[in-house]
Amino acid sequence: MNFKNMSIKKSLIVGFGTTILISVAIIVASLVLMNTQKSAYTDIIDHYVESTELIADCRITYNIAARNLRDVVISGETAALTTVSTKLDELDALFTELRSAFPLEDRSTLDAFDNAIKSWKTDAQHIAEVVRTNQKEAAGLIVSSCTPKLNAAAQAGEAAAAALAAAQAHIIDQQNMTSNISLVVILAVMVVATFIVLLMATKIIKSLVEPSTQVRNALVGFSQGNLNIPVEFTGKNELGDMCDALRTSQNVLHSVISDISETTGQMAKGNFDVELTATFPGDLAPIQQSVNQFVIRMSDTITNIAQSATQVSAGSEQVSNSSQSLAQGATEQASAVEELAATINDISTSSKQTAASAEEAQASVAQAGAQVNATNEYVKQLNEAMQNISDSSEEISKIIATIENIAFQTNILALNAAVEAARAGSAGKGFAVVADEVRNLASKSDEAAKATKDLIENSITAVHGGAEVVNKVTDSLEQTTVLAGGVSKLMDQVAEAVESQTTAISQITEGIDQISAVVQTNSATSEECAAASEELSSQANIMHQLMAEFKVGNRGSLGGGGFNSSSAFSGGDGWAEVPSQEPPMLGGRSNDNPFGGAKY
């Protein structure tokens, strides 16, 4: 019997049912045997034992009757013959009952016992008749006839009882033999039934234990993360279905784990152009959706980081170029301011010499005329110098405007860089520090530019004032040349004017010194800004090199700005191919970007 393809319920029913049926059959056989033995012993009791007792009763009865008859013969009291007649009647009734209960088919012994009793009974009745008339004859008949027949009847009764005993013993022997045979048969049946039950129990246990053991080992392996424990049991019952389900679960989980392992392995290598393609059934489907969404989100994030890196690189390059231009302009400005300071010093020296010459002119008119001519030449040079100062001041104003614009742009770029560094998290801490330094430098440059602008405006005002004074000096010298006679008075005016001019030139000199200090500071700040921009550009290059190790697909949510899935970073120098765009300027704030400006 194949229990593998039988349901567990049916297998247990068959096993226990077979055991119960065999037990019932053994019990029924035992009951039948017991009933047979009971019937046999009941028959012995009802017939053989009863017949033996009836024979004994008959013998007792005719012995009593014979003794009473003998007593009557000896005593001569015929009244006691009634008792003899009664016993003879009882003897007839007992013998009739014996004849009906006698169980033997061979009734020869019973017939011999019957004939012997009848023969004795006939003699006994004759003696009872004789004793009434002749007691002595009756005594002789008892001795000669009645006693031998009574002995013959006793022998016939013993023979009948012996036949019954022999038949009873034979029946008991047969019943014992039948009981022994039945007991052996029952024992044999029990042994065979036990073997059959054990065989069926072994098959049932094997059909239950084998798949249960395989399922247990597989489930223990499940708990330890091992999905390779084989479950080989097959069947059409519940255990077979359970093993099939377990094998299916192993295959599904193995496929799912292999797909996840392959996908995460590719992600660990930097390839995010992957997707879980295996079928994730039931409650495993959210895992597939989550991993795929994670890959898409990481692709979008890497794309955004690459775009931000490109924009930071472009912005840092612009800042670097602007800083270098600013440094170069500051250097040129410092050179021009030094030349201007030298010129102002020359003007100051000339003014002092002019004052000395004016004093000397008071002493010598001749020398005054010559000195006036020399002063005219100096004044012309002064006009040219003042014009140069005015032109330089205007150029400086333009440079300062450029510096302000650069500082403003640098501050914008630093703020945007800080925003992107905040988005980058811990990976953008160094970049955030650089952006903060750039913003500080931009703020200092802007403050210096404003201070320089104020000084330049003051210088321009002073230069204009000096130009007017120089024009007056020129007019005075011309009048001095025309009016030689009023030289002394005019020289006093010239001395006063030259003194005022000297004071103005001193103020101009101080302003130029301040401008020079500011320009030197701007130059150093511009060089530091240029160095910071170079460092920022280097960090952007490093970020691009790191991003070049990743490969992302075009399945992300970004529109138009994602990478190509086959060549996400395909530039010849390892840079990611991202759409070029101008760095975003600060604008209005939004809920998505609390720092304002365009969102990357």
Side-chain angles (χ1 to χ4, degrees), residues 18-67 86-121 124 146-198:
T18 302
T19 304
I20 293 172
L21 288 177
I22 293 174
S23 301
V24 169
I26 294 173
I27 293 172
V28 170
S30 300
L31 291 175
V32 170
L33 177 61
M34 291 174 63
N35 188 43
T36 302
Q37 290 180 343
K38 179 181 178 182
S39 298
Y41 286 112
T42 301
D43 183 67
I44 290 173
I45 293 172
D46 291 342
H47 295 89
Y48 288 89
V49 174
E50 183 180 3
S51 296
T52 301
E53 290 179 352
L54 288 174
I55 289 173
D57 291 339
C58 289
R59 291 180 65 183
I60 292 170
T61 301
Y62 70 68
N63 283 324
I64 292 173
R67 186 174 62 249
T86 301
K87 291 297 181 181
L88 292 176
D89 292 336
E90 290 179 3
L91 181 61
D92 290 337
L94 289 173
F95 203 86
T96 301
E97 187 177 355
L98 174 62
R99 186 175 293 279
S100 63
F102 195 77
L104 298 180
E105 293 181 0
D106 184 8
R107 290 179 172 263
S108 59
T109 56
L110 180 62
D111 293 337
F113 183 51
D114 186 19
N115 292 328
I117 290 175
K118 286 180 178 180
S119 177
W120 172 82
K121 183 179 178 182
C146 183
T147 299
K149 289 184 179 180
L150 184 62
N151 292 331
Q155 292 177 355
E158 290 178 356
L164 286 173
Q168 181 178 348
H170 179 69
I171 291 173
I172 291 173
D173 291 338
Q174 286 184 343
Q175 289 299 319
N176 290 333
M177 184 180 296
T178 302
S179 297
N180 292 332
I181 293 172
S182 300
L183 183 61
V184 171
V185 171
I186 290 174
L187 289 176
V189 170
M190 289 181 65
V191 170
V192 174
T194 303
F195 177 76
I196 293 173
V197 170
L198 290 177

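Once rounded to the nearest 0.5 Å, the distance linking CD of Gln175 with CD of Gln168 reads 12.0 Å. Here Thr109 contributes atom OG1 and Asp114 contributes atom CG; the two are 11.0 Å apart, rounded to the nearest 0.5 Å. The CG atom of Leu164 lies 8.5 Å from the CG atom of Leu110; values are rounded to the nearest 0.5 Å. A distance of 11.5 Å separates CG of Leu94 from CD of Glu53, quoted to the nearest 0.5 Å. In this structure, NZ on Lys121 lies 14.5 Å from CG on Leu150, to the nearest 0.5 angstrom.
Here the closest heavy-atom approach between residue Phe113 and residue Gly157 is recorded as CD1-N, 3.0 Å. Nearest heavy atom pair, residue Ala161 against residue Ile55, reads N-CD1, 3.8 Å. Pairing each heavy atom of Ala116 with each of Ala156, the nearest pair is CB-CB, 4.1 Å.
Among residues at least two apart or in separate chains, side-chain hydrogen bond (donor to acceptor under 3.5 Å, both in side chains) pairs with a member in residues 55-65 are Arg59-Glu158.
Looking at Leu91 and Trp120, their side chains come closer than 4.5 Å, going by heavy atoms from C-beta outward. Proximity of Tyr48 to Leu104: side-chain heavy atoms (C-beta onward) are separated by under 4.5 Å at one or more points.
Salt bridge annotation for Arg99-Asp111: present, with a cationic side-chain nitrogen under 4.0 angstrom from a carboxylate oxygen.
Listed for the Asn180 side chain is a donor-acceptor partner under 3.5 Å among the backbone atoms of Asn176. With hydrogens and angles disregarded, no donor-acceptor distance shorter than 3.5 Å links the side chain of Ser119 to the backbone of Asn115.
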